[in-house]
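Chain naming here is simple, since letters A, B, ... match the order of the sequence lines and numbering starts at 1 in each.
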Amino acid sequence: MEKLPPKKNFSEWYHELIQRAEIMDVRYPVKGLYVWYPFGFRIRKSVYGILREIMDREHEEVYFPALIPETELGKEGEHIKGFENEVYWVTHGGKDELDVKLALRPTSETAMYPMFRLWIRSHADLPLRVYQVVNTFRYETKHTRPLIRLREITSFKEAHTIHATFEDAEEQVRKAVAYYREFYDRLAIPYLICKRPEWDKFPGAVYTIAFDTVMPDGKTLQIGTVHNLGDNFARTFDITYETPDGEHSFAYQTCYGISERCIAALISVHGDDLGLVLPFEVSPVQVVVIPVLYKGREGEVLRVAREIGEELKKYRVVVDESEERPGAKYYRWELRGAAVRIEVGPREVEEGTAVVSFRDEKRKFKVEKEKIPEMIEQWGEEMRERLYIRALNSMKEKIVLCESLDEVESHVRNGVVFTYLCDSERCGERLDEFGSVLGEVIESPVSFEGEGRCVVCGKEGKLNAVARTY
RNA sequence: GGGGCCGUGGGGUAGCCUGGUGAUCCUGCGGCGUUCGGGACGCCGUGACCCGAGUUCAAAUCUCGGCGGCCCCA
């Protein structure tokens, strides 16, 4: 097996790793569409398992159609303006042209909200909280990249909620942010939380809060968004409810989403020159047992290796009985991000021990064989903590506070710039020349004063993040 | 939005400028044997010129178009 390109050549590394670790097959003959390999799909399954577990606490899972009639998609003015250039249209059924064109959903507000209008009658129907995990389509014209910029987003988890009052919607936004925090904490992925500037919010929203993580090359990746929609969509789609005293009132809505970019972040943030590094909880191979086979000793070694595998069967375990030499097996499973490796050879069989090592460390150590099952969980959690600290430190290194436009211009090439910015779109546009304004910093691993002089015009400004983005 | 580069076995490549050889090398994959504590070795086998049109006696190589990929600038 050939070596992977070093991670410092991030683009190359990412592309090769995705293919070689069998996450996505990038050879599908349509731009921007990729195939999930079985191995990649197992990562997706465990990551989305966590997301579903979190969502299921107070949302119901639903499924809405992928096709949206043009008449509904076009109702909300700002919304359609934001998406019209990237919508795929279904124009024909067989040979007949359709009377009303059908859009492949770029997102599902306009599929859901006409139905919510029928579902919501009274205050007793509120709040309504649902989510779905679906594919969405966007005709991307820039470079597409597996898991990051797609024409078919295959794994869009979108939640939609409806409330009686703006304050209730505000409260839901806070909860959604907390859910996403928990999700990314479990994946050991650090993030910035920003309030997107007015000109970059979700089309149709009152405001947008976004999670961004920092990739190895210093560009940021948006990995989650939370939108307070106010009553904008309720007014467009006529979603009203009857209050306890018989009045009719428009409802207030939120929506928030996470796509397979969370998996792109997982791979990019933790991976190393040898391949995938995945937290124990989501690795498709949580434990790999490697028997070290010597001529004449194969039987006993294999027997013990299988025993260990059997005792750990509540985890995702592989006992690698293939004919390769141990070294080749180590590299193979390191590429695939097996979290814990257990080696058993003739020596260990005699001692009743095994050699244990973790994917994120060079260290190897001996453990009594019987102790392994009770230690696994703890090792997994310790590994998650190590990964998180390492990722956090590397993110902190890439954030710099800048107090002049020259500094912004030079630093944004290598990472994230924090600087002060007033509310004017003009000043924002000036910064957008260097990268993208991510917005007002709400939460960050690096803290600076929240207010200062706008780096462009010198008026009162707030702490904002600027970065090159994916 | 503008510009540039590229498409060769499963992956990565040489060859293309200057048309003509049995299309190069690494890797992977299958088989056999000797091995096995960080990418073993030997032997055998497998497998490619993106698609279409054109120029030509002859096209991986030249021209045009399509599709796909990468990079730079705004």
Side-chain angles (χ1 to χ4, degrees), chain A residues 1-6 9-35 37-40 84-86 139-152 217 219 272-275 288-302 304-305 308 319-336 338 340-351 353-367 369 409 412-413 429-437 468-470:
Chain A
M1 196 60 148
E2 234 173 332
K3 263 192 171 166
L4 212 56
N9 303 343
F10 175 66
S11 247
E12 239 180 292
W13 174 89
Y14 180 81
H15 195 260
E16 281 267 322
L17 176 56
I18 282 234
Q19 185 71 46
R20 291 254 295 275
E22 295 187 341
I23 296 165
M24 309 297 292
D25 196 331
V26 304
R27 296 171 298 182
Y28 193 78
V30 181
K31 181 181 165 71
L33 308 192
Y34 306 93
V35 177
Y37 277 113
F39 185 84
E84 64 190 348
N85 290 328
E86 24 190 274
Y139 182 72
E140 294 286 353
T141 52
K142 293 195 179 134
H143 327 134
T144 51
R145 215 186 279 267
L147 301 175
I148 292 178
R149 187 174 296 279
L150 304 158
R151 284 185 168 180
E152 179 186 4
D217 59 0
K219 290 194 195 174
D272 64 18
D273 286 353
L274 292 172
V288 63
V289 184
I290 313 269
V292 182
L293 302 168
Y294 282 87
K295 202 175 163 68
R297 309 286 299 269
E298 298 95 334
E300 46 186 326
V301 170
L302 271 179
V304 174
I308 292 174
V319 180
D320 186 350
E321 299 188 15
S322 70
E323 297 286 319
E324 283 164 309
R325 308 178 115 224
K329 294 184 188 180
Y330 301 156
Y331 281 105
R332 173 178 301 272
W333 291 109
E334 277 159 356
L335 176 66
R336 284 172 174 69
V340 180
R341 187 175 78 218
I342 300 175
E343 301 160 39
V344 194
R347 281 205 298 268
E348 287 74 36
V349 171
E350 279 160 30
E351 299 166 357
T353 61
V355 174
V356 174
S357 56
F358 306 119
R359 179 59 182 84
D360 64 318
E361 291 189 324
K362 276 272 169 281
R363 182 170 71 98
K364 287 188 182 187
F365 57 98
K366 254 183 200 187
V367 199
K369 200 183 83 160
E409 183 170 17
V412 84
R413 278 195 269 268
E429 274 170 0
R430 184 79 180 82
L431 284 182
D432 266 335
E433 289 169 24
F434 309 129
S436 294
V437 177
R468 284 149 55 245
T469 62
Y470 270 101

- So which of residues 356-364 of chain A are in contact with RNA chain B, with a heavy-atom cut-off of under 4.0 Å? K364(A)

- Query: Taking for each residue the nucleotide of RNA chain B with the nearest heavy atom, is it Y294(A) or T144(A) whose nucleotide lies nearer the 5' end?
  - Reply: Y294(A)

- Under the ring-ring contact (aromatic ring centres under 6.0 Å, His included) test, residues paired with F358(A) that sit two or more places apart: F365(A), W379(A)

- In terms of side-chain heavy atoms of S11(A), which of rG37(B), rC71(B), rG38(B) is nearest? rC71(B)

- Mind calculating the distance between CG (L4(A)) and P (rU27(B)) to the nearest angstrom? 17 Å

- Task: Using a heavy-atom cut-off of under 4.0 Å over every strand shown, decide if G32(A) touches base, sugar-phosphate, or nothing.
- Result: sugar-phosphate

- Could you give the distance separating rG9(B) and rG52(B) at their C1' atoms, to the nearest angstrom? 23 Å

- What nucleotide, of rG38(B), rC70(B), rG68(B), holds the atom closest to the side chain of R341(A)? rG38(B)

What pairs of nitrogen or oxygen atoms, one from the protein and one from nucleotides 9-12 of chain B, lie under 3.5 Å apart?
from    : atom 1 : to     : atom 2 : distance (Å)
rG10(B) : O3'    : R27(A) : NH1    : 2.8
rG10(B) : O2'    : R27(A) : NH1    : 2.8
rG11(B) : N2     : E2(A)  : OE1    : 3.1

- Item | For atom OH of Y330(A) and atom P of rG37(B), their distance in whole Å | 8 Å

- Message: Y14(A): which residues meet the ring-ring contact (aromatic ring centres under 6.0 Å, His included) condition with it, sequence neighbours left out?
- Response: F10(A)

- Message: For the backbone of R359(A) and the side chain of R341(A), can you confirm whether one donor and one acceptor N or O come within less than 3.5 Å of each other?
- Response: no

- Rounded C1' spacing from rC71(B) to rA48(B) in Å: 26 Å

- Among rG37(B), rG39(B), rC72(B), which nucleotide sits nearest the side chain of E348(A)? rG37(B)

- C1' atoms of rG28(B) and rG10(B), separation to the nearest Å: 7 Å

- Note on the structure: K219(A) NZ to rC72(B) P, in whole Å, measures 7 Å

- Query: Rounded to whole angstrom units, what separation is found between the CG atom of D320(A) and the P atom of rG37(B)?
  - Reply: 14 Å

- Message: Looking at the base of rG38(B), is there any donor atom on it, or on the side chain of E343(A), that sits under 3.5 Å from an acceptor on the other one?
- Response: no

Below 3.5 Å is the cut-off: list the nitrogen or oxygen pairs between protein and nucleotides 33-35 of chain B, distance only.
from    : atom 1 : to      : atom 2 : distance (Å)
rU35(B) : OP2    : K295(A) : NZ     : 3.2
rU35(B) : O2'    : R325(A) : NH2    : 3.4

- Query: How would RNA chain B look in dot-bracket form, 5' to 3', counting Watson-Crick and G-U wobble pairs with both distances under 3.5 Å and writing | for bases paired to another strand?
  - Reply: (((((((..(((.......[....)))(((((((.....)))))))...(((((..]....)))))))))))).

- Would you call K369(A) and E351(A) a salt bridge, taking side-chain N to carboxylate O under 4.0 Å as the test? no

- Query: With the threshold set at 4.0 Å, does a side-chain nitrogen-carboxylate oxygen contact exist between R297(A) and E350(A)?
  - Reply: yes

